[in-house]
There are 2 protein chains.
Amino acid sequence: MSCEEKATQKLSERGFRITPQRRVILHILMHANAHLTPTEVYEEARKSLPSLRETTVYRTLEFLTQVGLAQEAFSKTSKSAYEISDYAHHHLICRKCGKEVEIPHVKMKPLCEDIETETGFQLMQNHLSFFGLCPACQKN
Amino acid sequence: MSCEEKATQKLSERGFRITPQRRVILHILMHANAHLTPTEVYEEARKSLPSLRETTVYRTLEFLTQVGLAQEAFSKTSKSAYEISDYAHHHLICRKCGKEVEIPHVKMKPLCEDIETETGFQLMQNHLSFFGLCPACQKN
DNA sequence: ATCCTTATTGCAAAAACTTGCAATAAGGAT
DNA sequence: ATCCTTATTGCAAGTTTTTGCAATAAGGAT
């Protein structure tokens with residue numbers, strides 16, 4: 001477990017503490033090839049840190065999201081899940097089969113800038129989920 | 001209670017049944033000036049229909065969303081809430097003070113069309129929530 | 001190495017949400 | 001008006017998520 005060094009360093013620099021719980025959860029998110037629900041993270045994390053509680057998982061996922069290391073995504077059922085926030089992207093999800101396609105942030109940029117100038121808001125890099133029907137499911 | 005006639009008629013035409021529960025919930029959503037959480041809908045609906053249960057509220061809100069009469073929105077804390085789906089719009093929410101600004105769907109249209117042609121997906125009119133900091137909160 | 005401050009975790013209980021199954025009641029047919 | 005079918009609701013139990021408070025342990029200071 002050393003791949004999450006960069007991440008923990010960032011935390012440390014910003015005055016947050018590094019705990020075994022945060023290490024494990026970061027590690028799991030970094031090695032997941034999909035987004036995980038809090039429960040999935042919990043089950044996985046317990047294997048190496050049995051004393052970990054759900055409460056902490058929920059709070060840690062939220063914390064990591066706040067500081068920008070993780071981001072909330074959504075699954076087919078639009079229940080929430082989390083993933084490492086390594087680069088800005090968004091999801092397009094098929095409501096029927098669950099298929100996911102990634103939408104790069106660059107596509108969204110003009111819209112975001114438009115919104116920012118018009119409203120004066122400063123947007124957070126939030127992860128958006130579009131829902132629809134994939135080409136295959138449209139035929140049925 | 002008659003303002004929800006049009007809505008119930010739509011249901012009826014599509015083969016769904018009209019029940020007192022659905023009537024009450026539709027009525028509440030139509031007279032709310034903001035989006036409501038399931039619990040808020042429940043509390044309000046109970047006043048005129050004490051036998052109503054939470055379970056039914058959750059299921060009805062989901063049902064109304066499926067058939068397009070309601071839509072899921074998000075509050076400051078990104079917990080889910082619902083509102084009547086009378087016209088397509090999206091929300092921009094301040095993470096700090098909770099202030100909300102509406103984003104008309106027309107702003108999003110070019111992006112949506114771009115996504116549709118590029119991915120072959122057929123998008124659902126989903127309600128998106130952008131998060132950020134409002135002008136006032138940026139100063140603090 | 002030890003102490004101190006306080007951020008972070010765990011605990012316990014509550015609140016929010018989901019699920020399967022049996023009972024009820026819409027709404028069409030007789 | 002009554003009956004029938006089955007969509008919809010309620011019930012009960014389970015799962016997920018949140019919250020306040022006390023205990024713990026990071027990490028800086030001595």
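The structure presented is a predicted model; accordingly, all values stated were derived computationally and were not measured. Residue numbers begin at 1 in each chain, while the letters A, B, ... track the order of the sequences.
Pair assignment for dT17(D): dA14(C), on the basis of Watson-Crick or G-U wobble contacts that are both within less than 3.5 Å. Applying the Watson-Crick and G-U wobble criteria (two distances, each under 3.5 Å), dG28(C) pairs with dC3(D).
Closest of all the heavy-atom pairs between Leu29(A) and Ala70(A) is CD1-CB, 4.0 Å. Across every non-hydrogen atom of Val106(B) and Pro110(B), the tightest pair is O-CD, 3.5 Å. Taking each heavy atom of Tyr87(B) and Gln71(B) in turn, the nearest pair found is O-NE2, 4.2 Å.
Atom CZ of Arg14(B) and atom P of dT8(D) are 12 Å apart (whole Å). Atom CD of Glu54(B) is separated from atom P of dT18(C) by 12 Å (rounded to the nearest Å). Between Lys79(A) atom NZ and dC17(C) atom P there is a gap of 10 Å when expressed in whole angstrom units. Between Leu11(B) atom CG and dA7(D) atom P the separation is 15 Å, expressed in whole Å. Distance CZ (Arg53(A)) to C1' (dT19(D)): 17 Å, rounded to an integer number of Å. Following rounding to the nearest Å, Glu43(B) (CD) and dA16(C) (P) show an atom-to-atom distance of 8 Å. As rounded to whole Å, 10 Å separates atom C1' of dG27(D) from atom CD1 of Ile18(A). For Leu64(A) and dT8(C), the CG to C1' distance is 13 Å, given to the nearest whole Å.
Ser12(A) comes within 4.0 angstrom of no nucleic acid atom, judged by non-hydrogen atoms across all strands.
A residue-by-residue look at Thr55(A) and Phe63(A) shows that Phe63(A) has its nearest nucleotide of DNA chain C further toward the 5' end. Mapped onto DNA chain C by nearest heavy atom, Arg22(A) and Thr39(B) fall at different nucleotides, with Arg22(A) at the one closer to the 5' end.
The aromatic rings of Phe16(B) and Phe63(B) sit perpendicular, their planes meeting at an angle over 60°, well past the 30° parallel limit.
In this model, the phosphate group of dT8(C) is not approached by any side-chain N or O of Thr60(A) to a distance below 4.0 Å at OP1 or OP2. Listed pair Gln21(B) / dG10(D) meets the phosphate criterion, a side-chain N or O lying under 4.0 Å from OP1 or OP2. At least one side-chain nitrogen or oxygen of Thr19(A) sits closer than 4.0 Å to the OP1 or OP2 atom of dT9(C).
Of the candidates dC17(C), dT6(C), dT9(D), dT6(C) carries the atom nearest the Arg17(A) side chain, counting heavy atoms from C-beta on. Minimum atom distance to the side chain of Tyr58(B) is reached by dT18(C), of the listed dT8(D), dT9(C), dT18(C).
For Glu100(B) and His35(B), the side-chain atoms include at least one donor-acceptor pair closer than 3.5 Å.
One donor-acceptor pair, N or O on each side, does fall under 3.5 Å between the base of dG10(D) and the side chain of Arg59(B).
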